[in-house]
Amino acid sequence: MTKILGRIDNGLIIVTGIALVILTFMITTDVVMRFAFNHPLPSTTEMSELLMAYIVFLTMGYTLALGLHIRITVLFEYIPKRWKAYFDLLTNLLGLGFCAVITYYAWNFFMHSFSIREEMLAVVPLPWYVGKFAMPVGFLLFTLHYVVQCLETIGTLLEKKTA
């Protein structure tokens, strides 16, 4: 499961990189067009909002897999080593539950937007549901990474008991 998630993460990192390049090119072009020709690109701000959702949400699971998410270590450093795995399991289970709930509601939010073909109020018609799709996908992968971390922590706890 870790290998599959790793491949998915790599694909999403590429998508995020492409989104960043498009966003950078679009904003640069808009600025040049605005100041050099007094004719900005239409709906640049709205298109940026749609792309930013992918940049933010698609990388969350990968960040968790690398162990780079925010962690409060002030109290964690003073806990005995044998209890750290239990606290890791607790925090992973809480994160798993939170992300599963967010995934469910984000999917419903996206499906509602998709079913009514919701559009942004912009000069160029832009579908809102395109940007809203990033959240359930990102949180689904975040949830799956928490499942992997919970299983790894349980494996660590079981190894310590048998050793």
Side-chain angles (χ1 to χ4, degrees), residues 1-72 87-154:
M1 186 168 173
T2 306
K3 282 186 178 183
I4 294 170
L5 281 176
R7 288 185 181 152
I8 292 170
D9 284 337
N10 288 339
L12 293 179
I13 294 301
I14 291 169
V15 169
T16 302
I18 291 168
L20 276 168
V21 169
I22 291 170
L23 183 66
T24 303
F25 179 75
M26 188 174 57
I27 291 172
T28 304
T29 304
D30 182 57
V31 169
V32 169
M33 294 291 291
R34 179 181 315 267
F35 290 107
F37 304 107
N38 199 24
H39 186 53
L41 291 177
S43 302
T44 301
T45 304
E46 291 83 0
M47 286 187 272
S48 298
E49 287 178 31
L50 294 177
L51 287 172
M52 289 295 270
Y54 287 89
I55 294 166
V56 170
F57 290 116
L58 295 187
T59 57
M60 291 189 315
Y62 180 69
T63 306
L64 180 66
L66 294 178
L68 297 175
H69 263 277
I70 297 170
R71 183 178 190 137
I72 300 171
F87 281 105
D88 277 340
L89 181 60
L90 176 65
T91 57
N92 286 333
L93 286 171
L94 288 171
L96 171 64
F98 177 78
C99 288
V101 169
I102 296 295
T103 302
Y104 174 77
Y105 285 105
W107 180 256
N108 289 340
F109 189 59
F110 159 72
M111 285 305 295
H112 175 70
S113 180
F114 181 75
S115 68
I116 64 172
R117 301 289 189 238
E118 185 178 18
E119 289 185 352
M120 300 177 87
L121 293 174
V123 175
V124 176
L126 297 170
W128 254 122
Y129 55 86
V130 170
K132 291 180 180 181
F133 182 67
M135 189 173 185
V137 170
F139 268 97
L140 174 64
L141 288 165
F142 206 12
T143 303
L144 293 175
H145 277 288
Y146 268 121
V147 168
V148 167
Q149 289 212 353
C150 284
L151 294 174
E152 288 174 353
T153 306
I154 290 169

Practice task
Rounded to the nearest 0.5 Å, what's the gap from OG1 on T2 to CD on Q149? Could you check?
Solution key: 10.0 Å
Problem - Side chain proximity check, L144 to V148, heavy atoms < 4.5 angstrom - result: no
Handout entry: Euclidean distance, D30 CG relative to H39 NE2, rounded to 0.5 Å
Key = 10.5 Å
Exercise for the section: Using the test salt bridge (Lys or Arg N to Asp or Glu O under 4.0 Å), find all partners of E152 that sit at least two apart in sequence or belong to another chain. Expected result: none
Exercise for the section: Would you name the heavy atoms of L89 and C150 that are closest together and state the gap between them? Expected result: CD1-O, 4.0 Å
Exercise for the section: Please list all pairs passing the salt bridge (Lys or Arg N to Asp or Glu O under 4.0 Å) test where one or both residues lie in residues 87-108, with sequence neighbours left out. Expected result: R71-D88
Exercise for the section: For the pair S43 (side chain) and A122 (backbone), establish whether a donor and an acceptor sit closer than 3.5 Å, ignoring hydrogens and angles. Expected result: no
Practice task
State whether the number of non-hydrogen atoms from other residues, nucleotides or ligands found under 6.0 Å of L121 atom CG is greater than 12.
Solution key: no
Side-chain donor-acceptor distances from residues 50-68 under 3.5 Å, at least two apart:
residue, atom, partner, partner atom, Å
Y54, OH, V130, O, 2.4
T59, OG1, I55, O, 3.2
T59, OG1, V56, O, 3.3
T63, OG1, T59, O, 2.8

Completion exercise
dist W128:CH2 -> E46:CD (nearest 0.5 Å) comes out at 9.0 Å
Can I get a per-line list of side-chain donor-acceptor pairs under 3.5 Å for residues 94-109, giving both atom names and the distance, sequence neighbours left out?
residue, atom, partner, partner atom, Å
T103, OG1, C99, O, 2.7
T103, OG1, F139, O, 3.1
T103, OG1, L140, N, 3.4
T103, OG1, T143, OG1, 3.3

Handout entry: For the student: nearest non-hydrogen atoms of M47 and P42, plus distance
Key = CE-O, 3.3 Å
Atom pairs and distances, donor-acceptor, side-chain atoms in residues 4-26, under 3.5 Å, two or more places apart:
residue, atom, partner, partner atom, Å
D9, OD1, H145, NE2, 3.3
D9, OD2, H145, NE2, 2.7
N10, ND2, G6, O, 3.3
T16, OG1, L12, O, 2.8
T24, OG1, L20, O, 2.8

Handout entry: ring pair (Phe, Tyr, Trp, His ring centres under 6.0 Å) against F114, all qualifying residues, sequence neighbours excluded
Key = F110, Y129
